[in-house]
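To start, the structure under review is shown below, and the notes come after it.
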Amino acid sequence: MLHVMYSCNESYAVQLCTSVFSLLENNRTLEIQVHCVEDKLRAETKNRIQWLACKFHRQITFYALDDVIAKLHLCGQDRHPPTIYSKLCMDFLDAERLLYLDCDTVVNGSLQHLEQMEMRKCLAAGVAMPYNRSVLAQMGLGEGDLYICDGVVLINLQLWKKEQKTEHAASYIHRCAGQPPMLSEGTLNYICRGRIMILEPCYNLMSVMLLFNSRKIRKIYKPEFFYAEQQLMHARKNALIIHYLDEFFQRPWYADSDHPYREVYRAYARRAGCKPVLAKGDGDRRRKYVRYCGMLLPGGMFAWLRMHFGSMRGRRK
């Protein structure tokens, strides 16, 4: 059985319904248990998701956020909601592995390989982020340490519980005064360092992979490790999970979206009985300016601008 987890507040209710539908629609033959850590979701929203699960003869269990992250001592002053930390605290589940998905994802194919994949001594598996050594050093990661996006992450929950990684996460966050570098993602990569498995990019197709080829990504970010262009090309054509990050492209639930895969999301939203377009987005002029700079400028110059004018990642809710 594959245990799949989401974490959400009401502001992402439509995206949650859409993602759950896409997951269950494309994995009808796979035994799946869905878990949702919720921060004050309305009864109407929970009933809607329960209805979707029942439609596919699946179950979904809800957990109150405050109960799940009670072990963590977060600062509470960040612009990102505390729901992002819940993936670090699911050690109470009776499961061998747990696949966490951000709500801004759609599942576009079978995840059977993740259910069967041998993780051995690895604690977590995910798609690599192209960060350079200086960025990783800020999180206490050294040469050769891998770094993955935690918006789609497969956790070896059996080993996680055995090695008390939730307690390790709580201790790390406490040492960082409740504001760890790169938030839940930095925490997960730090406490799992040396025990991380890299998945193919088709399991988390991100905006940067749609805008740039592998060579340009390496020039801009200067990572120790990143994918070959053949791997990115395969992911673009055969994406199993599409991650609609708030970078480079307007997200597909906005009327003015220019995301190359916007119609994929909207088709799943309609089939889930959700409104595919919510409103016109904001910040689109800035996003397009950043995108065109990245496309037109040499990698080194774009990296310099990025460093001096702030991170353009903005990937969280």
Would one find more than 12 heavy atoms of other residues, nucleotides or ligands at under 6.0 Å from atom CZ of Arg120?
-> no
For residues 109-119, the side-chain hydrogen bond (donor to acceptor under 3.5 Å, both in side chains) pairs (sequence neighbours left out) are none
State, to 0.1 Å, how close Leu101 and Tyr6 come at their nearest heavy-atom pair, and which atoms those are.
-> O-CD2, 3.3 Å
Would Arg175 count as a cation-pi partner of Tyr172, with NZ or CZ less than 6.0 Å from the six-membered ring centre and within 45° of the ring normal?
-> no
Please check if the distance between the ring centroids of Tyr221 and Phe226 is under 6.0 Å.
-> no
Return yes when atom CE of Met117 has more than 12 non-hydrogen atoms of other residues, nucleotides or ligands closer than 6.0 Å, and no otherwise.
-> yes
Glu263 atom CD, over 12 foreign heavy atoms within 6.0 Å | yes
Glu163 atom CD: more than 12 heavy-atom contacts under 6.0 Å = yes
Check: Asp246/Tyr244 side-chain N/O donor and acceptor closer than 3.5 Å | no
Return yes if a side-chain donor-acceptor contact under 3.5 Å exists between Tyr12 and Asp39, otherwise no.
-> no
Determine yes or no for a side-chain-to-main-chain donor-acceptor pair under 3.5 angstrom, with Asn26 supplying the side chain and Val107 the backbone.
-> yes
May I ask you to check whether Tyr227 and Glu200 show a side-chain donor-acceptor distance below 3.5 Å?
-> no
NE2 (His234) with more than 12 external heavy atoms under 6.0 Å | no
